[in-house]
Amino acid sequence: MATTATSTPQPKTNRIGLTVIDYRGGKSTLCAGCGHNAISERIIDAMYEMGVPPERVIKPSGIGCSSKSPAYFMSRSHSFNAVHGRMPSVTTGALLANRNLIALGVSGDGDTASIGIGQFVHLMRRNLPMIYIIEDNGVYGLTKGQFSATADIGSKLKSGVINDLPPIDTCSLAIMLGATYVGRSFSGDKKQLLAMLKAAIAHNGTAMLDVISPCVTFNDHEGSTKSYKFTKDHDEPLQEVSFVPAFEEISVEYDAGTTVDVTMHDGSRLRMRKIEEEYDPTNKAEALKRLAEAHDKGEVLTGVFYLNPKAPTFLELLNIADDPLATLPESVVRPSREVLAECMEELR
Amino acid sequence: MATTEIGPHELSSRPERKPVVNDFSLQVATVNGSGSQSANTVLLRTIFQMGVPISGKNLFPSNIAGLPTWYTIRASKDGYIARRKEIDFLVAMNPETAQEDVMSLTPGAAALYDEPLNLGSLRQDLTFYSVPFDKLLTQVCPEAKLRKLVKNMIYVGVVAQLLNLDPVEMEKAIRKQFGRKVKAADLNVGAAKAGYDYAASSLTKADPFTIERMDKTRGQIIVDGNSAAALGCMFAGVTVVTWYPITPSSSLVETLIDYMKQYRIGKDGKATFAIVQAEDELAAIGMVLGAAWAGARSMTSTSGPGISLMAEFTGLGYYVEVPAVIWDIQRVGPSTGMPTRTAQGDVLSTAFLSHGDTRHILLFPASVHECFSMAGDAFDLAEQFQTPVFVLSDLDLGMNNWMSEPFQYPEKPIRRGKVLSKQDLDRLGSFARYKDVDGDGIAYRTLPGTDHPAAAYFTRGSGHNEKAQYSERPDDYVNNMERLNHKFQTARSHVPKPEIVQNGKSKVGILAYGTSHWALVEGRDQLRQEYGVETDYLRIRAFPFNRDVHEFVASHDRLYVIDQNRDAQMMALLKLDLDAAQLTKLRSVLHYNGLPIDARSITDEIVSQEGR
């Protein structure tokens, strides 16, 4: 990087002194206009604005267009492009090994709701502290346009095939099973997605975000319920979401009647200005009920459905050491000679 | 009758012989779930404490309670601890199998039975002892609900008296078995004594089998292979363990949990490990790879069906070059029927597990001692070679009790392989994840979380260049595959060397691995003593094969490869590795009926193939 040109203005830096360029990745090889590229951009913005050290981040993924996208953001973070539907287990292992890592897993609707549904549901049960992003377009892209399990009944493929099975609602499932921050957004809604991603970074627990991310090649036509047009026309935001990080002063007071303010684990605040007045995102049962209603009405409900910043995480339940297990010294991980002698004595 | 289909009965091939002291097999036939395991362990221990070499084999059905189960204790003054086919002394406690159990005994054997079974008239060529268990039970155990639990301890006492076991050692063994549960120990000691006294006063010894004190077990331990492996893993510094329950592997991790809770909790009260029961084997191996990728010493333990489920991930592990230790406690084939029976059936499937070109390092422990020591080898190899390593134990080794020399404390420091730190990167400026810098095929890696802007790389399957960048170029793919092969060749001289016994004159060589070893030790003696056939012996301890294996084959005319599977899997693996000129020398000896291999089966087969 050119550092000798003293006359040029200093590039803008975040609170740890990095520029947004330090959060960039390789050039995307996904289709022009793919929703996934917009999500990668928002991830870059969120990580940059939150001042997350990229070296602490890991980007595990499964298989599919979505799972290729970690190559297109944050090159200074380790990535693990695993096998189809198995991102959750790789992430779990990595966090067991090093609890200081910040895991942002990327999956798709096929990778999560079909081949990966087993690992998905068990990950949600464990409330592993990670960000789980489903880049959801209702279709298999890399294999050229088959329905996935999040496709809506009646949705039509380019070839004219109509989907006649009900979709799996990954958000309802996640809430029911134990994820502690669950929401849905839209790759085309920059403001909402950015705020929800920042809150996910601040959250201590499983943050499961299903992001509708239209496939411009195989699922953006008339008759698709995951197209840009359909999503824009049917988007029903529950709230206007904004995020105030812990390191920023709170400048604007809020009206408890119109806004829900939730304090996150790290002291940040997720501020939700109510659009639906009665909705309480800390009430599990209500979240599930509202999601079921949205299905019946054909709405694309977005926003924060459920948030519980206080539940214990999987790593806390396991009571594992504060230092990463991966690098504990031999003196800690190999018991003494006396211990072996004691064990041998017991077996005599 | 249904029970005939699960019995261990085999036709005897042993010629009738004169009775001897400290050289016979005792079998207890009971019902699964009746608590006989404690009683049998006490019997085993009592003989062991008297200095007589022993082995114990539990033959149990895939069932929680109600099906027949047999426990065989072999006492051998010569130290042979493989299974022996012939039973000399039967304790018949199970009405369902009693008749068949008695009918399959060798002439001259003894049978002790529960009085109501009324077996005494079944054969004329056996010694029978009838014991009124229920009557004795009411005397020693007034509480009816406890009777079922102590009934078996009565036969311990009867057998002890009939076989001349030391009652003091018997009581010691009972107290060891029940540990701090003093009340239970007292009750059981009482039951055993009642049995002992009954035998002394009411039975007349009429069989030739007795135990006399020796001094051949001093300082030794008794342990099962899974517990030994658990200990080995703890002392190897394992930090992440993920698993899914499966017979016969579950007890490995369950024992490990107990040990780790006792010895691996830090001063701050926090665990220096994580053990997770995963949702299936797919997740278990995924967690292992994720943890190892992030730098942990991680492992899983499973058996054949789990190995199949781990195939895809294991192949990825080979290509992305992430360590993993996978214990495979081998058992017989798929699904229901024989999951509680032993086999060496996963040699080929693990050697090449996954799709595409993959080869994996395999270790073959033959003893509980090696279950302990090879745990350390497996972790060191996995991290040094950045690749999955399988440890192929089996049900016989894993779940049965074996006597052994005590384990030695690992003297070598833990070897974590080629990992670049922040300081290394400061010095180097950059690194290429898949570049062969040292000429051994092993590249350097970094761990996630390394605080350096050049530390990160993208971990992906088959399509990458030296810098871990995405590539579909033919030359990049071929270069990488050649390096992976070179790495595997390097492993030949780093894996545990074979154990060779040879005199330099014999033209007949035997190759065996794993638990076949014990039957072979005895079989070679039989071949020499009974048929005058001298043999050399090489015990394979790892794949890829060390050069010594090639030389051993080259220096013999005929080589018998012992496999506990139908398809001669180890012989097939050898054939892929040996020079074409050597292949016709190989002959196969197979044993795959679900029971642990015995010496006589090996001897008979070799004698037959030798044309003797």
Side-chain angles (χ1 to χ4, degrees), chain A residues 22 26 29 53-58 60 70-71 74-98 100-101 118-119 121-122 126 314-315 318-322 324-328 330 332-337 339-341 343-344 347-348, chain B residues 220-223 231 234-240 242 259 263-264 266 268-274 276 278-280 282-284 286-298 312-313 316 320 406-407 409-410 413-414 446-453 455-461 470:
Chain A
D22 295 318
T29 61
E55 286 77 18
R56 270 188 64 195
V57 176
I58 56 168
M74 296 181 77
S75 294
R76 283 170 60 172
S77 308
H78 276 77
S79 281
F80 196 149
N81 204 164
V83 293
H84 203 9
R86 321 274 177 233
M87 176 271 277
S89 60
V90 169
T91 314
T92 306
L95 290 178
L96 295 174
N98 185 347
N100 296 335
L101 296 173
Q119 298 210 344
V121 297
H122 287 276
R126 295 189 180 111
F314 190 50
L315 300 180
L318 286 172
N319 185 36
I320 53 179
D322 296 333
L325 296 180
T327 47
L328 291 177
E330 184 171 328
V332 171
V333 298
R334 172 173 281 172
S336 68
R337 244 165 241 285
V339 168
L340 183 64
C343 295
M344 291 301 99
L347 297 170
R348 281 210 169 88
Chain B
Q220 301 228 329
I221 57 169
I222 297 181
V223 68
L231 270 173
M234 178 168 75
F235 283 93
V238 67
T239 47
V240 174
T242 60
Y259 276 127
Y263 298 115
R264 285 280 298 276
D268 57 358
K270 294 197 170 180
T272 63
F273 63 89
V276 173
E279 54 269 34
D280 53 31
L282 302 165
M287 290 177 194
V288 167
L289 290 176
W293 174 71
R297 286 213 135 178
S298 57
E312 186 188 22
F313 247 135
L316 182 74
V320 297
F407 307 150
Y409 193 73
I414 287 169
T446 56
L447 304 182
T450 304
D451 189 16
H452 192 284
Y457 67 94
F458 203 100
T459 309
R460 51 165 73 86
Y470 186 80

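The chains referred to below are lettered A, B, ... by the order of the sequence lines, with proteins before strands, and numbering in each begins at 1. Just so it is clear, the structure is predicted and the values come from calculations on it, not from any experiment.
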- Message: Taking every non-hydrogen pair under 4.5 Å, which of L289(B), V240(B), D280(B), V320(B) racks up the most with chain A?
- Response: V240(B)
- How close do L318(A) and A274(B) get, heavy atom to heavy atom, and via which atoms? CD1-CB, 4.4 Å
- Message: Do P406(B) and R348(A) make a side-chain contact, defined as non-hydrogen atoms from C-beta onward lying under 4.5 Å apart?
- Response: yes
- Could you have a look at A94(A), P335(A), A97(A), S77(A) and say which one has the most heavy-atom pairs with chain B under 4.5 angstrom? P335(A)
- Name the region of R460(B), side chain, backbone, both or neither, that has any atom closer than 4.5 Å to a heavy atom of chain A. both
- Task: Would you mind checking which part of P70(A) comes under 4.5 Å of any heavy atom in chain B, side chain (CB onward), backbone (N, CA, C, O), both or neither?
- Result: both
- Query: Relative to chain B, which segment of T91(A) carries a heavy atom at a distance below 4.5 Å: side chain, backbone, both, or neither?
  - Reply: neither
- Message: If we define contacts as heavy-atom pairs under 4.5 Å, which of V332(A), D322(A), T327(A) has the most with chain B?
- Response: D322(A)
- Item | Interface residue of largest heavy-atom contact number with chain A, from A455(B), A284(B), S298(B), A236(B), under 4.5 Å | A455(B)
- Task: Measure distances from Q220(B) to the heavy atoms of chain A and classify the residue's part below 4.5 Å as side chain, backbone, both or neither.
- Result: backbone
- Taking the side chain from R334(A) and the backbone from F235(B), do they hold a donor-acceptor pair closer than 3.5 Å? yes
- Between Y259(B), Y470(B), Y457(B), which residue shows the highest count of heavy-atom pairs closer than 4.5 Å to chain A? Y457(B)
- Item | Pairwise side-chain contact, C343(A) with F407(B), heavy-atom cut-off 4.5 Å (strictly under) | no
- Locate the shortest heavy-atom distance separating H84(A) from E312(B); write the atom from each residue and the value. N-OE2, 4.4 Å
- Task: Report yes if the side chains of S79(A) and T459(B) come closer than 4.5 Å at any heavy-atom pair, otherwise no.
- Result: no
- Separation between CG (L447(B)) and CD1 (I58(A)), nearest 0.5 Å, reads 12.0 Å
- Query: Got M287(B) and Q119(A) here, is their nearest side-chain heavy-atom distance under 4.5 Å?
  - Reply: no
- Does any non-hydrogen side-chain atom of L347(A) lie less than 4.5 Å from one of L231(B)? yes
- Task: Measure from the side-chain N and O atoms of R86(A) to the backbone N and O of G286(B), and report whether any donor-acceptor pair falls under 3.5 Å.
- Result: no
- Message: Looking at every non-hydrogen atom in both residues, tell me the closest pair between F313(B) and A82(A) and how far apart they are.
- Response: CE2-CB, 4.4 Å
- Message: Less than 4.5 Å to any heavy atom of chain A: does that hold for the side chain of L316(B), its backbone, both, or neither?
- Response: side chain
- Message: side chain to side chain contact (heavy atoms under 4.5 Å, CB included) for L96(A) and V288(B)? Distances and angles first, verdict last.
- Response: CA-CA 10 Å; L96(A) 295 174; V288(B) 167; over 6 Å; no
- Most heavy-atom pairs under 4.5 Å with chain A, out of P448(B), G449(B), A291(B), belong to P448(B)
- Query: Of all heavy-atom pairs between K270(B) and A321(A), which one has the smallest distance, and what is that distance?
  - Reply: CB-CA, 3.8 Å
- Item | Smallest separation among heavy atoms of F273(B) and I320(A), with atom names | O-CG2, 3.1 Å
- Item | pair V333(A)-R297(B): side-chain heavy atoms closer than 4.5 Å | no
- With only heavy atoms counted, which part of A292(B) is less than 4.5 Å from chain A, the side chain, the backbone, both or neither? neither
- Note on the structure: Closest non-hydrogen atoms of A296(B) and A326(A), given as atom of the first, atom of the second and distance, are N-CB, 3.7 Å
- Message: For the residue pair T450(B) / H78(A), report whether a side-chain donor-acceptor contact shorter than 3.5 Å exists.
- Response: no
- Name the region of N319(A), side chain, backbone, both or neither, that has any atom closer than 4.5 Å to a heavy atom of chain B. both
- Item | Segment of S75(A) engaging chain B (4.5 angstrom heavy-atom cut-off) | backbone
- Are the side chain of E330(A) and the backbone N or O of I414(B) linked by a donor-acceptor pair below 3.5 Å? yes
- Note on the structure: Checked L101(A), N98(A), L325(A) vs chain B; the most non-hydrogen pairs under 4.5 Å come from L325(A)
